[in-house]
Asks: 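The structure follows.
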Number of protein chains: 2
Amino acid sequence: MAMGPSDGTPGLGGTKGLFSPVSVDRISEVIVEQVRLLIREGKLVPGDRLPSERSLCEQFGVSRVTVREALRVLEASGLVEIRVGARGGAFVIQPSSERVGKGLAELMTLASMTAGDVTEARMVFELGILPLVVERATEEDIADLRALVEQGLSALESGSYTMAMSAAFHVRVASAAHNPAIEMLVQTFHGPMLMSLQQAHVAAPLMGPRGAHEHFELVEAIEQRDLERARGIMTRHLQRTADRLANYSDPRLENPGGEE
Amino acid sequence: MAMGPSDGTPGLGGTKGLFSPVSVDRISEVIVEQVRLLIREGKLVPGDRLPSERSLCEQFGVSRVTVREALRVLEASGLVEIRVGARGGAFVIQPSSERVGKGLAELMTLASMTAGDVTEARMVFELGILPLVVERATEEDIADLRALVEQGLSALESGSYTMAMSAAFHVRVASAAHNPAIEMLVQTFHGPMLMSLQQAHVAAPLMGPRGAHEHFELVEAIEQRDLERARGIMTRHLQRTADRLANYSDPRLENPGGEE
DNA sequence: TACCAGGAATGGTCTGACCAATACGCTCAG
DNA sequence: CTGAGCGTATTGGTCAGACCATTCCTGGTA
C-alpha cells in the first residue's frame with residue numbers, strides 16, 4: 001500500500017514535529033549525509049562495510065530504492081565502493097590522491113578553462129614546489145625518477161612515448177615534495193591536460209628527445225640539490241610546452257576540436 | 001513480468017553480440033557515460049534539459065529505477081541539477097569553480113592531509129600567483145578587494161569576523177589573476193582549511209587586527225603594482241597563519257579533535 | 001483585468017518480485 | 001583424511017506498476 005512521505009511517519013523514526021531545517025526533500029540525501037558524517041567522524045573507516053541494502057532499509061525505515069540512490073551518491077563521491085555477491089556490499093574506501101584528482105579532472109575538463117590557463121597554473125605550481133622537492137627528495141624518490149626517465153627514453157626510441165608517461169614523471173617529481181596536498185594538485189592538473197592533448201594527437205610532437213633530456217637533467221639537478229639549475233630546467237621545459245600548446249590555437253579544453 | 005537482463009534484450013537495444021568491453025555490469029553506468037560524453041562533446045550545454053525520467057526510460061529501454069540511479073550519479077558529479085514539478089527535470093549546469101572546489105574540499109578533508117600540508121601548498125600557490133595578480137588586477141578587482149577589507153574591519157570590530165570572510169578575500173585575490181584554473185584551486189584550498197579551523201574554534205585568534213591590516217596593505221601593494229611588497233606581505237601573512245596552526249598541534253584534518 | 005482553482009507534467013518514494021554474482025559449506029569420491 | 005564439486009544463502013542489479021508532492025499552465029470566474 002505504498003505509504004508515501006505524506007503520512008505521519010516519513011520513515012526516519014523519531015522526527016515527530018522537531019525537524020531541524022526545512023528539509024523534507026530527498027530522503028536519500030539524508031542518508032548520504034548521515035554516512036558522510038560517520039565517515040568524517042571516524043566512526044566508519046576505510047575497509048569498513050556498511051550493512052546490506054536490505055538491512056539499511058530496515059534501519060532507516062525506507063525502501064530499498066531510496067537506500068540504493070543514497071549508495072549511488074556515496075559511490076559517485078568516491079566515499080564507498082560497492083561489491084556484488086555474497087559478503088558484498090558498500091565498503092568505505094580511502095580516497096586516494098589518484099581517485100580525487102581523477103574526479104576533479106573530469107570537472108575541470110568541463111569548466112571554462114583553456115589549455116593555456118591550466119598550463120599557467122601548472123607553471124606557478126610546479127616551479128613553486130621545486131625548493132621543497134630539492135630539499136626533501138629521498139634516494140628512493142630519485143631512483144624512481146631515474147627509472148621513469150629510462151622508461152621514457154626507451155619508449156621514445158620505439159616511438160611509443162605517451163603523454164601519460166610525461167604526466168607520471170611530473171607527478172612523481174611533485175610527490176618528492178612529500179606533501180599529499182601538493183601531489184594531488186599536480187595530479188589534478190595533468191588530468192585535463194592529458195585529455196586535451198591526447199584528443200588532439202599532439203603527444204609526440206610535445207615530447208621530443210629534447211623534453212626527455214630535460215627530464216634527465218632535472219633529476220640530476222634534484223639529486224645535486226641544485227635549486228637554481230632545477231628551476232631553470234623546469235622553466236624551460238614548461239615554457240616550451242606552453243609555446244607548443246599555443247600553436248594549437250589554444251583550444252578550449254571542453255572543445256578540443258577547435259572551431260576558429 | 002520483470003524481464004531481467006538475462007534474456008536476449010538486456011535493455012540497450014542493438015547490443016546483440018558486439019559488446020565493446022566486458023562491461024555488462026551496471027546499466028546505469030552506461031547511461032551516465034553516454035550523458036557525460038554528450039556534455040563533453042558539447043551536444044549538451046549548460047542550461048539544456050534532459051528528457052524526463054519516463055522519456056529516458058523509453059529511449060534507453062530500461063526501467064525508471066535505473067534511469068534515476070544514473071541521474072543521481074550525474075547530480076553527485078555536479079554535471080546536472082534536478083528540479084521537481086512541471087517543467088522540471090535534469091538540467092545540465094555549468095560546473096562553477098565554487099561547486100568544483102566544494103566537492104574536492106570534501107574529499108581532501110578525508111584524505112590523509114594535515115592542516116600543515118594544506119598550508120604549505122597554499123603558500124606555494126598564493127605566493128606564486130602574485131606576479132600575475134599584480135600585473136593583471138583591474139580596477140574592479142581592486143574595488144572588490146577594498147570592499148572586502150572594509151567589511152572585514154567592521155566585522156572585526158563587532159567581533160563577528162569569520163574564517164569564511166578571510167577565505168573570501170584570498171579567493172578574490174586569486175581571481176584577480178584572471179585564470180579560472182588558479183581561482184578554482186585557491187578556492188579548493190580554503191574548503192578543508194575552513195572546516196578544520198571552524199571546528200577547532202580558532203577563527204578569531206587567527207585573524208586579529210594585524211591580519212586585517214595585512215589584507216589592507218596587500219590591496220595597496222597590488223594597486224601600486226608593487227610585486228616585492230605584495231610578496232613580502234603575503235609571506236608574512238601566510239607564515240603567521242602557519243605558525244599559529246602549528247600551535248594547534250597540527251591536527252589531521254579528518255580528525256580535528258587531535259589525540260596526541 | 002486580476003485572481004484562483006483544477007489539471008497536467010515531473011520527480012520522489014514504495015512494494016514485491018526475479019535475476020546474477022559471489023562466497024561459504026556440505027557432500028561425496030578418492 | 002583430503003580435495004574437488006555442487007548446492008545454497010547472501011547480496012547487489014533490475015524490473016513493473018503504483019501513488020504522492022510539487023510545480024507550472026490554463027481556463028474560468030469575479
Side-chain angles (χ1 to χ4, degrees), chain A residues 1-13 15 19 22-33 48-76 80-93, chain B residues 1-13 15 19 22-33 48-76 80-93:
Chain A
M1 49 174 161
M3 83 173 181
S6 59
D7 55 41
T9 61
L12 303 172
T15 54
F19 304 92
V22 204
S23 80
V24 193
D25 285 59
R26 206 83 80 116
I27 299 178
S28 65
E29 208 54 42
V30 179
I31 298 180
V32 168
E33 220 41 58
D48 283 1
R49 173 176 170 279
L50 270 59
S52 73
E53 294 183 356
R54 289 167 176 88
S55 172
L56 285 171
C57 294
E58 291 181 18
Q59 295 185 40
F60 284 108
V62 300
S63 84
R64 213 172 136 214
V65 178
T66 305
V67 168
R68 283 177 60 77
E69 291 197 353
L71 290 178
R72 273 296 163 297
V73 173
L74 289 170
E75 188 187 26
V80 304
E81 174 191 41
I82 279 136
R83 296 205 279 267
V84 298
R87 293 284 187 281
F91 293 82
V92 179
I93 58 181
Chain B
M1 56 172 175
M3 81 172 181
S6 59
D7 56 39
T9 61
L12 303 171
T15 54
F19 304 92
V22 205
S23 81
V24 193
D25 285 57
R26 206 82 82 112
I27 300 178
S28 65
E29 208 55 41
V30 180
I31 298 179
V32 168
E33 219 42 58
D48 282 1
R49 174 176 169 280
L50 270 59
S52 73
E53 294 183 355
R54 288 167 178 87
S55 173
L56 286 171
C57 293
E58 291 181 19
Q59 295 186 39
F60 285 109
V62 301
S63 84
R64 215 173 133 213
V65 177
T66 304
V67 168
R68 283 177 60 76
E69 293 197 353
L71 291 178
R72 272 299 163 292
V73 173
L74 289 170
E75 189 187 27
V80 305
E81 173 192 41
I82 280 142
R83 296 204 279 267
V84 298
R87 292 281 190 282
F91 293 82
V92 178
I93 59 181

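Each chain gets a letter, A, B and so on, in the order its sequence line appears, and its residues count up from 1.
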Asks: So which protein nitrogen or oxygen atoms get under 3.5 Å of nucleotides 5-11 of chain C's nitrogens or oxygens?
Replies:
| unit_1 | atom_1 | unit_2 | atom_2 | d |
| --- | --- | --- | --- | --- |
| C:dT10 | OP1 | B:Arg49 | NH2 | 3.0 |
| C:dT10 | O4' | B:Gly85 | O | 3.4 |
| C:dG11 | OP2 | B:Glu53 | N | 3.0 |
| C:dG11 | N7 | B:Arg54 | NH1 | 3.0 |
| C:dG11 | N7 | B:Arg64 | NH2 | 3.4 |
| C:dG11 | O6 | B:Arg54 | NH2 | 3.3 |

Asks: Any chance you could lay out the side-chain contact (heavy atoms from CB on, under 4.5 Å) test for A:Glu69 and A:Val65, step after step, and finish with the verdict?
Replies: CA-CA 6 Å; A:Glu69 291 197 353; A:Val65 178; 4.3 Å; yes
Asks: How long is the line joining CD1 of B:Ile27 and P of C:dA21, in whole Å?
Replies: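 In whole Å, C:dA21 P lies 12 Å from B:Ile27 CD1.
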Asks: Check this for me, if you would: do B:Arg72 and A:Glu75 make a salt bridge, where the nitrogen-to-carboxylate-oxygen distance has to be below 4.0 angstrom?
Replies: no
Asks: Could you pull out the closest heavy-atom pair between B:Cys57 and B:Arg64, with the gap in Å?
Replies: SG-CA, 3.3 Å
Asks: I'd like to check the salt bridge (Lys or Arg N to Asp or Glu O under 4.0 Å) partners of A:Arg87; sequence neighbours left out, ordered by chain and number.
Replies: none
Asks: Would you say a side-chain N or O of B:Thr66 is under 4.0 Å from OP1 or OP2 of D:dC15?
Replies: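 Yes, B:Thr66 has a side-chain N/O under 4.0 Å of OP1/OP2 on D:dC15.
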Asks: Over how many whole Å does the gap from A:Leu56 atom CG to D:dT10 atom C1' extend?
Replies: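 In whole Å, D:dT10 C1' lies 15 Å from A:Leu56 CG.
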Asks: Quick one: B:Glu29 CD to D:dG12 P, roughly how many Å, whole number?
Replies: 17 Å
Asks: Evaluate whether atom CD of B:Glu58 has more than 12 neighbouring non-hydrogen atoms of other residues, nucleotides or ligands under 6.0 angstrom away.
Replies: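 Not buried by this count: 12 neighbours or fewer within 6.0 Å.
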Asks: Listed by chain and number, what are the salt bridge (Lys or Arg N to Asp or Glu O under 4.0 Å) partners of A:Glu81, not counting sequence neighbours?
Replies: A:Arg83
Asks: Let me know the distance between CD of B:Glu58 and P of D:dG17, rounded to the nearest Å.
Replies: 12 Å
